[in-house]
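Data first, discussion second: the structure below is written as structure tokens.
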Amino acid sequence: MLGVSSSCITANICQTLLSLLGKCKSMLELKKLHAIGISFGLSQEDSFISKILYFSAVSNSGDIDYSYRVFSQLYSPTIFSWNIIIRGYSNSKSPIHSLSIFLKMQQLGVAPNYLTYPFLVKASARLSNQESGVSLHAQIIKTGHESDIFIQNSLIHMYASCGNIIGAHKVFDSMQGKNLVSWNSMLDGYAKCGDMVLAHKVFESMQDRDVRSWSSLIDGYVKAGEYREAMAIFEKMQVVGPKSNEVTMVSVLSACAHLGALEKGRMMHKYIVNNGLPMTMVLQTSLVDMYAKCGAIEDALFVFRGVSKSQTDVFIWNAIIGGLATHGLVEESLKLFKEMQMVGIRSDEITYLCLLAACAHGGLVKEAWYFFESLVKCGMTPTSEHYACMVDVLARAGQLTAAYQFICQMPIEPTAPMLGALLSGCINHRNLDLAEIVGKKLIELDPNNDGRYIGLSNVYAVVKRWDDARSMREAMERRGVKKSPGFSFVEISGILHRFIAHDKTHPDSEETYSMLNFVVYQMIHGVRQDNRGENFLNDTLIEDELTLF
DNA sequence: ATTGATGAAC
């Protein structure tokens, strides 16, 4: 009698705990409920443990490692439990654990089911590990799961993520009933591979398009450096497409940042606020970056300061430290680095790159050496960019011999950006003998880059060796190196204007050149308040004088 | 219970 009534009580407790777990909001709450459950002997009770595992592995405020610890105490986990753990790790920072747990599962002779595969394939995709993806694909075929649409979609994504767009397309073509996810995965695959012609083609041939279709297309254009096209698609989306979300806006802000389109960027910020889009960390980082790249460092700082420090991650710190560095606000940049360390955010390779850039702008050679050494001390391996930045610091400070020695002592081969930094240092500090050597080496290293010939040509121009300067241009043409036209953007009232050197097609071209001549005249002869510049339409003046800058 | 998108430096 007693046994029956006590198991009745336990069942009641279990029911109560299950309904409380359904409303659980945080890991702290979950752990309390878990503790109560254990004290009532529910530590192997399937319905109870499943809920514990599910919340800690899948929910946003979960903790997959906690989930795994609970899982590893189970005598005989159900396939449901295995799948939850594999799913949790596939979305975590270390998707590799999904695969190792799968391996364990196979060793124990537990068979995966149709729900296990999408999580595993996703783990391979996130690892960009095609080898494991292919082996999963083989197993999927062997077990007769190859016509499951969820599995097929995850395979498309996996192949595309591994850069195998042909493999992705094969799965796509083999499908009987494709859905929006299949099309979006294919579209995103092309966009990620940088093939925007095919990406756009897929987009055009789609019957339905959702916010992800539009976002993938926009992001593809951004990643391909076609920022104006990205903005054009976004504008079209607002007219004929679905409402954008915070993910769309991240790509759009990146386009604004690269274009230097501050007013557009501000409009996008307002759009985000007005539409109540969730202010995620990623979005805030994009805002900080956009404001910094558009020259509005105050606004970047304002957004940054609005983030509570406990929520920050290394990305947003890097964005603001790098932004301050490029604005020449070196002290502030280094101060924020100290603050970052106080908050306890671990810096990474890019943090150090930003710090070295700050040192380069501030002429802080000693500090640069210090950062370079602490980078190594923290167990990181300096990349060619770190070395290039270090060369830049030394070259800007006029320590040309030190820069040269630094390059010679590196464990890696010199790269073009390094020698480029050294070359500008040589020109600025008038060591033209070294400049000539470096300039020649640079052409050898990067013979298809028009800028490298111009670089050496500039060296000859400084020492007035006009024949040699001209021969550089001839060498360039002889080798068939295309000179890419230099151009810049100016944003006026939210409209972007593009200016290409010597281009006269802009409707306000004449007025622009007139004003440019006026400005150049002022730079040479001093400011004259009374002149509006109408009579300065003189191209020769511009070309002659501008070569000096 | 399942699949598809986003941020930092060059």
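To find a chain, count down the sequence lines: A is the first, B the second, and so on, and within it residues start at 1. Side chains are part of it too, since the values below use all heavy atoms of this structure and drop only hydrogens, waters and symmetry mates.
Counting only residues at least two apart or in different chains, salt bridge (charged side-chain N to carboxylate O under 4.0 Å, His left out) contacts with residues 53-69 of chain A are absent. Residue pairs meeting the side chain to side chain donor-acceptor pair (under 3.5 Å) criterion with at least one partner in residues 332-344 of chain A, sequence neighbours excluded, are A:Arg305-A:Glu339. Applying the ring-ring contact (aromatic ring centres under 6.0 Å, His included) test to every pair with at least one member in residues 169-193 of chain A, sequence neighbours left out, gives these pairs: A:His169-A:Phe172, A:Phe172-A:Trp183. Screening residues 140-162 of chain A for salt bridge (charged side-chain N to carboxylate O under 4.0 Å, His left out), with sequence neighbours left out, gives no hits.
The interatomic distance linking A:Leu355 (CG) with B:dC10 (P) rounds to 12 Å, in whole Å. Look at CG on A:Asp446: it is 14 Å from C1' on B:dC10, rounded to the nearest Å. Between A:Asp219 atom CG and B:dT6 atom C1' the separation is 7 Å, expressed in whole Å. Here B:dA5 presents its P atom at 19 Å from CD1 of A:Ile233, a figure rounded to the nearest Å. To the nearest angstrom, P of B:dT2 lies 20 Å from CZ of A:Phe102. In this structure, the OH atom of A:Tyr89 is 18 Å from the C1' atom of B:dA1, given to the nearest Å. Atom pair A:His145:NE2 and B:dT2:P shows a separation of 17 Å (rounding to whole Å applied). For A:Met290 and B:dA9, the CE to P distance is 14 Å, given to the nearest whole Å.
The A:Asn245 side chain lies nearest to B:dA5 when the options are B:dT6, B:dA8, B:dA5. For A:Val181, the side-chain atoms get nearest to B:dT3 when compared with the rest of B:dG7, B:dA9, B:dT3. In this structure, the nucleotide among B:dA8, B:dT3, B:dT6 sitting nearest to the side chain of A:Asn179 is B:dT3. Which of B:dA8, B:dA1, B:dA9 sits closest to the side chain of A:Leu353 comes down to B:dA9.
Evaluation of the salt bridge (Lys or Arg N to Asp or Glu O under 4.0 Å) rule for A:Asp299 yields A:Arg266 as partners, not counting sequence neighbours. With sequence neighbours excluded, no residue satisfies ring-ring contact (aromatic ring centres under 6.0 Å, His included) with A:Phe48. For the ring-ring contact (aromatic ring centres under 6.0 Å, His included) test, residues two or more places apart in sequence or in another chain that qualify with A:Tyr227 are A:His258. A search for ring-ring contact (aromatic ring centres under 6.0 Å, His included) contacts involving A:Phe55 returns nothing, not counting sequence neighbours. Partners of A:Phe102 by ring-ring contact (aromatic ring centres under 6.0 Å, His included), not counting sequence neighbours: none found.
Evaluated for a side chain to side chain contact (heavy atoms under 4.5 Å, CB included) with A:Asn83, the options A:Leu53, A:Leu120, A:Thr116 yield exactly one hit, A:Thr116.
Between A:Glu413 and A:Ser384 there is no side-chain heavy-atom pair separated by less than 4.5 Å.
Contact annotation for A:Ser215: base contact, defined as any heavy-atom pair under 4.0 Å involving a base atom. As judged by a 4.0 angstrom heavy-atom cut-off over every strand, A:Asp210 is placed among the base-contacting residues. A:Asn83 comes within contact range of at least one nucleobase, with a heavy-atom separation under 4.0 Å. At the heavy-atom level, A:Met186 lies nowhere under 4.0 Å from the strands shown. Within 4.0 Å (heavy atoms only), A:Lys51 reaches no atom of the nucleic acid at all. Contact annotation for A:Leu287: no contact, since no heavy-atom pair falls under 4.0 Å across all strands.
A donor and an acceptor atom never sit less than 3.5 Å apart when one is taken from the side chain of A:Asp313 and the other from the base of B:dA8. For a distance-only test at 3.5 Å, the side chain of A:Asn318 fails to qualify as a donor-acceptor partner of the base of B:dA9. At a cut-off of 3.5 angstrom, counting only N and O atoms as typed in the model, there is a donor on one side and an acceptor on the other between the side-chain of A:Thr285 and the base of B:dG7.
Aromatic ring centres of A:Tyr291 and A:Phe302 lie farther apart than the 6.0 Å criterion allows. A:Trp214 has its ring centre less than 6.0 Å from the ring centre of A:Phe203.
Distances shorter than 4.0 Å separate none of the side-chain N or O atoms of A:Lys178 from OP1 or OP2 on B:dT3. The side chain of A:Lys192 contributes an N or O atom lying less than 4.0 Å from OP1 or OP2 of B:dT6.
Listed in residue order, the members of residues 323-347 of chain A having a heavy atom less than 4.0 Å from DNA chain B come to none. Applying a 4.0 Å cut-off to non-hydrogen atoms, the residues of residues 113-127 of chain A that approach DNA chain B are A:Asn113, A:Tyr114, A:Leu115, A:Pro118, A:Phe119, A:Lys122, listed by residue number. Of the residues in residues 150-159 of chain A, those with a non-hydrogen atom less than 4.0 angstrom from any atom of DNA chain B are A:Phe150, A:Asn153, A:His157.
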